[in-house]
Structure formats: C-alpha cells, structure tokens
Amino acid sequence: MTIDPVLIKSSFAAVEPHGPATTGYFHQHPFEHDPGVRDLLAEHLDEQQDRLRAALGAPVTPWRAPTRRSASCATSAPGTPGTGR
C-alpha cells in the first residue's frame with residue numbers, strides 16, 4: 001500500500017474546518033443506530049472528542065510545512081556543532 005501524503009492532507013483539510021461537528025457525528029452515529037451502546041461511554045464526550053480530533057490530525061502533522069520556529073529548532077538543537085550549545 002502506497003501512502004499518498006497529498007491525499008491525506010487534502011482529505012484532512014476537508015474535515016478539519018468542521019472540528020467538533022466531525023467528531024460529534026462520529027460519536028452520535030452509533031448511538032442513533034444502537035442506543036444501547038450509549039451506556040458504554042461517559043455521559044459527556046467533549047474531552048474524548050478533542051482527543052479523537054487530535055488523533056485524526058496526528059498523521060497529517062509530519063507533512064505540514066514546517067513553521068519558522070520548528071525549522072530553526074531543527075537546525076540549532078542542543079549539541080549541534082556551531083550553535084554554541
């Protein structure tokens with residue numbers, strides 16, 4: 001299986017703006033189809049939905065353009081010759 005970073009980034013870009021609605025749907029969908037599963041989870045799912053959003057975005061992070069800070073950290077890491085550290 002070939003991993004396509006462009007497809008992953010574009011797919012996530014389509015979902016990311018919808019934030020909480022995306023993970024809310026993910027959790028609500030099973031409850032609508034089988035209400036009995038609702039009792040298996042916590043009453044308030046806000047924290048769980050935040051964790052799910054972070055997990056969904058984690059694979060995209062390595063392919064995002066480096067920020068100015070992360071690029072400078074990569075070149076001046078402790079112990080790097082010529083940085084004075």
Side-chain angles (χ1 to χ4, degrees):
M1 178 178 165
T2 303
I3 295 174
D4 183 352
V6 174
L7 179 60
I8 292 171
K9 286 191 295 187
S10 64
S11 298
F12 188 72
V15 173
E16 186 176 30
H18 303 286
T22 305
T23 53
Y25 173 80
F26 178 84
H27 282 107
Q28 190 61 35
H29 186 75
F31 303 153
E32 290 173 358
H33 292 278
D34 186 358
V37 300
R38 181 64 187 101
D39 294 335
L40 301 174
L41 299 172
E43 184 176 338
H44 301 285
L45 294 173
D46 296 340
E47 186 177 335
Q48 185 64 28
Q49 290 177 3
D50 292 342
R51 289 179 182 166
L52 177 58
R53 262 193 317 282
L56 291 172
V60 178
T61 302
W63 292 308
R64 288 190 173 170
T67 62
R68 180 182 232 190
R69 182 167 187 249
S70 64
S72 66
C73 291
T75 58
S76 61
T80 304
T83 62
R85 295 182 186 184

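The distance from the OG atom of Ser10 to the CG atom of Asp4 is 7.5 Å, given to the nearest 0.5 Å. Distance check, rounded to the nearest 0.5 Å: OG1 of Thr23 to CD of Gln48 gives 9.5 Å. Atom CG of residue Leu7 and atom NZ of residue Lys9 lie 11.5 Å apart, to the nearest 0.5 angstrom. Residue Leu56 holds its CG atom at 7.5 Å from CZ of Phe26, rounded to the nearest 0.5 Å.
Taking Asp50 as the reference, Arg53 meet the side chain to side chain donor-acceptor pair (under 3.5 Å) condition, with sequence neighbours excluded. Contacts of Phe31 classified as side-chain contact (heavy atoms from CB on, under 4.5 Å), with partners at least two apart in sequence or in another chain: His27, Gln28, Val37, Arg38, Leu41, Leu45.
Around the CD atom of Glu32, the shell of radius 6.0 Å holds more than 12 heavy atoms that belong to other residues, nucleotides or ligands.
If you chain together hydrophobic residues whose side chains sit under 4.5 Å apart, Tyr25 and Phe12 never meet in one group.
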